[in-house]
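Reading through the structure tokens given below for one structure.
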Amino acid sequence: MKKNLFTKSAGVITAATLVGASITGCGSSVSTASASEAQAQAETAEAPASSEVYRTLDEIKESGTINIGVFSDKSPFGYVDENGEYAGYDVYFAERIGQDLGVKINYVSTEAANRIEYLQTGKVDIILANFTVTEERAQEVDFALPYMNVALGVVSPSDAVIDSLDNVGADDEIIVISGTTAETYLEKNYPDIKLQKYDAYAEAKTAIENGNAAGWANDNTEVIAFAIENEGFTVGVPSLGDSDTIAPAVTKGNETLLNWLNDEIKAIGEENFFHADYEATLLDTYGADYEDTLVVEGGKVQK
């Protein structure tokens with residue numbers, strides 16, 4: 001696989017405990033508590049809360065660092081390479097964001113099930129973790145313009161290919177990742193199919209390799225890549241349900257960062273940035289035939 005054109009820096013979030021100081025975020029502040037008040041809060045497990053946990057664009061710039069949530073085990077989109085550095089399609093984009101903002105990047109390893117939580121608690125400023133846009137998720141986070149197309153797919157052993165979910169046996173199980181659109185889709189549309197759920201992609205891959213289930217339902221980009229890289233597996237269902245898009249997400253209400261991201265996606269689209277991203281990170285996996293199908297340039301989805 002081609003190496004990223006940008007220099008990557010893998011960071012780990014550290015937290016400093018502030019004692020006897022005000023906590024300020026997005027224009028709202030929490031007053032310093034006395035020792036007795038702090039003790040009372042600890043005893044009742046209550047803590048001061050702010051209605052806004054995100055950092056504005058200016059606050060991010062002033063800090064000199066942006067926290068971006070990415071996958072660490074989902075090659076070729078977000079993973080840690082042999083040098084211990086973050087790499088992949090999402091990371092390539094993240095590096096450009098940091099470059100154009102003029103800040104360092106602190107990568108935060110995330111899993112599918114905690115992407116929304118990490119935004120809502122302020123652990124990250126942006127999620128770039130192969131995040132499919134759905135109406136339900138849009139109620140909890142704000143999505144920027146899309147940069148990739150995606151649908152669901154199903155991979156299964158080549159000697160027992162699943163070419164339709166209608167053919168899944170009553171005793172068979174299908175692997176899904178918790179918190180993904182595959183889980184939601186199957187629970188809604190195929191409630192009788194037994195699901196084998198995992199939190200991490202690495203766990204799901206090991207399970208399908210070990211024959212723990214009849215198949216694995218996930219983003220078609222993921223299952224296609226898996227079948228290409230693992231002999232003995234076939235994507236019998238390459239497209240399941242409606243086609244969707246992948247987009248960056250920010251905390252609900254963080255308009256300054258959202259607006260900047262939208263402008264950035266439009267601007268770099270003028271230079272065909274995401275095609276360059278594909279060619280640097282995905283070409284070795286998918287080949288040239290999938291490039292125009294998967295890439296969304298400048299936030300404009302081709303109908």
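Small disclaimer: the values here were computed from a predicted structure and weren't measured. Reckoned from all heavy atoms, side chains included, excluding hydrogens, waters and symmetry mates.
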Any salt bridge between K74 and D219, counting N to O under 4.0 Å?
yes

What's the shortest heavy-atom distance between I66 and L101, and which atoms?
CD1-CD1, 3.8 Å

Are the ring centres of Y92 and F273 closer than 6.0 Å?
yes

Residue pair N254 / D142, side-chain heavy-atom distance below 4.5 Å:
no

Determine, step by step, whether Y286 and I224 satisfy the side chain to side chain contact (heavy atoms under 4.5 Å, CB included) criterion, reporting the C-alpha distance in whole Å, the side-chain angles of both residues, the deciding distance to 0.1 Å, and the verdict.
CA-CA 8 Å; Y286 298 106; I224 290 170; 3.9 Å; yes

Please find the pair of heavy atoms, one from L128 and one from I97, that lie closest to each other, and give the distance.
CD1-CD1, 3.9 Å

Does a salt bridge link K197 with E183, judged by any charged N lying under 4.0 Å from a carboxylate O?
yes

Centroid-to-centroid, F93 to Y147, below 6.0 Å?
yes

Shortest non-hydrogen contact from A227 toward V235:
CB-CG2, 3.8 Å

Cut-off 3.5 Å, no hydrogens considered: what does the side-chain donor-acceptor table look like for residues 154-161, sequence neighbours left out?
residue : atom : partner : partner atom : Å
S156    : OG   : I162    : N            : 2.8
S158    : OG   : G232    : O            : 3.1
S158    : OG   : F233    : N            : 3.2
S158    : OG   : T234    : OG1          : 2.8

Can you sort out the partners of N259 under side chain to side chain contact (heavy atoms under 4.5 Å, CB included), two or more places apart, ordered by chain and number?
E255

Test of ring centre spacing under 6.0 Å for F77 and F71
no

Trace of the side chain to side chain contact (heavy atoms under 4.5 Å, CB included) decision for M148 with V295:
CA-CA 5 Å; M148 191 173 186; V295 172; over 6 Å; no

What's the shortest heavy-atom distance between Y278 and Y89, and which atoms?
N-CE1, 3.7 Å

What residue pairs, at least two apart or across chains, pass side chain to side chain donor-acceptor pair (under 3.5 Å) with a residue in residues 240-249?
none

Smallest separation among heavy atoms of D73 and K205, with atom names
O-NZ, 3.9 Å

Tell me if a side-chain donor or acceptor on D81 pairs with a main-chain N or O of N83 at a distance below 3.5 Å.
yes

Between T281 and D277, a side-chain donor and acceptor under 3.5 Å:
yes

For I228 and T285, work out which heavy atoms get closest and say how close.
CD1-O, 3.2 Å

Would you kindly say whether Y198 and Q196 are connected by a side-chain donor-acceptor distance under 3.5 Å?
yes

Apply side chain to side chain contact (heavy atoms under 4.5 Å, CB included) to the pair Y107 and V91, showing each step before the final yes or no.
CA-CA 9 Å; Y107 287 114; V91 176; 3.4 Å; yes

